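Start at 1 with the first residue, then count along the sequence. Start at 1 and go down the list; that is how both ligands and their atoms are numbered. On a predicted model such as this, the values are computed, not experimentally measured, just so you know.
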Amino acid sequence: MKAICAFNVNNMELIQAVTEAAVELDTPIILQVSKGARQYASMPYLVNLVESAKTVLPKLQVKLHLDHGDSFEICKECIDAGFDSVMIDGSHLAFEENIALTKRVVDYARQFGKEVEGELGQIAGIEEHVENEKSLYTCPKQAKEFVERTGVSSLAISIGTAHGAFKYKAPNPSLRFDILEQIHKEIPNTPLVLHGASSVTPSDVATINKFGGKIENAYGMEEKLLAKTIPLGVKKINIDSDLRLAFTAKLREYLAENPTHFDPRQYLSAARAHVKQIVINKISTFCV
Ligand SMILES: [Zn+2]
């Protein structure tokens with residue numbers, strides 16, 4: 001396996017789309033939930049939907065992961081609820097505070113054999129960060145110290161990927177492969193995590209706009225560029241925006257082309273099938 005894809009999920013249809021694609025390609029995947037997902041669906045629904053997917057698809061190889069945990073308490077809650085791993089995001093804190101918070105989560109998780117992803121450097125995403133973007137990249141030396149002192153199982157790094165669909169001002173953004181190489185050299189045995197690794201699928205953006213949407217100036221990182229990070233230590237690739245765009249594109253197209261339909265099962269089936277196809281493409285590009 002090259003890398004593992006981690007898909008953000010919020011509801012049954014997304015979980016079905018991702019898990020069916022994974023089984024079809026016989027590939028392990030990570031389903032991850034953010035704060036927004038927990039607020040939208042609630043923890044019991046999310047945990048039980050993933051359990052249901054395992055029942056329906058016995059061959060499914062899946063791990064449930066907390067994305068961007070922002071406190072010890074939420075990480076503990078997820079570990080106690082049966083999550084396989086958690087991310088503690090202390091990247092906004094000072095270095096020492098980030099280490100202290102992350103280590104506290106690692107110490108707790110370790111008792112239950114659960115893995116912890118930390119983050120160092122700030123993953124930009126919005127235009128206002130551009131001015132001082134250099135200071136937001138992960139420092140390779142600090143990465144080594146951070147991993148040694150916290151004991152994290154994996155590390156989210158900042159090398160130019162960004163969250164959201166409106167992360168870049170212009171098409172064809174690039175990545176700091178030089179920084180990635182240095183990080184990998186410092187911590188060759190630590191799996192690195194790329195957040196914000198959506199490509200903002202141009203065809204889905206076009207479909208959304210064709211059928212009444214208005215998504216302008218949305219650009220992502222090209223998949224072939226993202227794939228080049230894998231030999232340099234990136235082992236987890238996070239994808240969220242591309243699933244949202246895929247779902248919305250198909251939903252808009254379906255409703256526009258079938259104005260008399262009002263059964264959610266019809267349009268949600270169409271959206272789910274399209275998300276599944278996008279997931280198959282992602283897994284084929286990054287994981288097999
Ligand atoms: Zn992220």
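One distance of note links CG of L180 with CZ of R176; it measures 11.0 Å at 0.5 Å rounding.
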Side-chain donor-acceptor pairs under 3.5 Å in residues 84-93, sequence neighbours left out?
| unit_1 | atom_1 | unit_2 | atom_2 | d |
| --- | --- | --- | --- | --- |
| D84 | OD2 | L64 | N | 2.7 |
| S85 | OG | H65 | ND1 | 2.8 |
| D89 | OD1 | S91 | N | 2.9 |
| D89 | OD1 | S91 | OG | 2.6 |
| D89 | OD2 | H68 | ND1 | 2.8 |
| S91 | OG | E119 | OE2 | 3.1 |

When the side chains of residues 215-228 are checked against the rest of the protein, which donor-acceptor pairs come out under 3.5 Å, sequence neighbours left out?
| unit_1 | atom_1 | unit_2 | atom_2 | d |
| --- | --- | --- | --- | --- |
| E223 | OE1 | T285 | OG1 | 3.4 |
| E223 | OE2 | K282 | NZ | 2.7 |

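Taking a cut-off of 2.8 Å, the protein N, O or S atoms nearer than that to the Zn ion (ligand 1) are H68 NE2, H163 NE2, H195 ND1.
Using a cutoff of 4.0 Å between basic side-chain nitrogens and carboxylate oxygens, E24 and K276 are scored as salt-bridged. Under 4.0 Å is where a charged nitrogen must lie from a carboxylate oxygen, and between E51 and K54 at least one such pair does.
A salt bridge (charged side-chain N to carboxylate O under 4.0 Å, His left out) check over residues 28-42, counting only residues at least two apart or in different chains, returns the pairs K35-D70.
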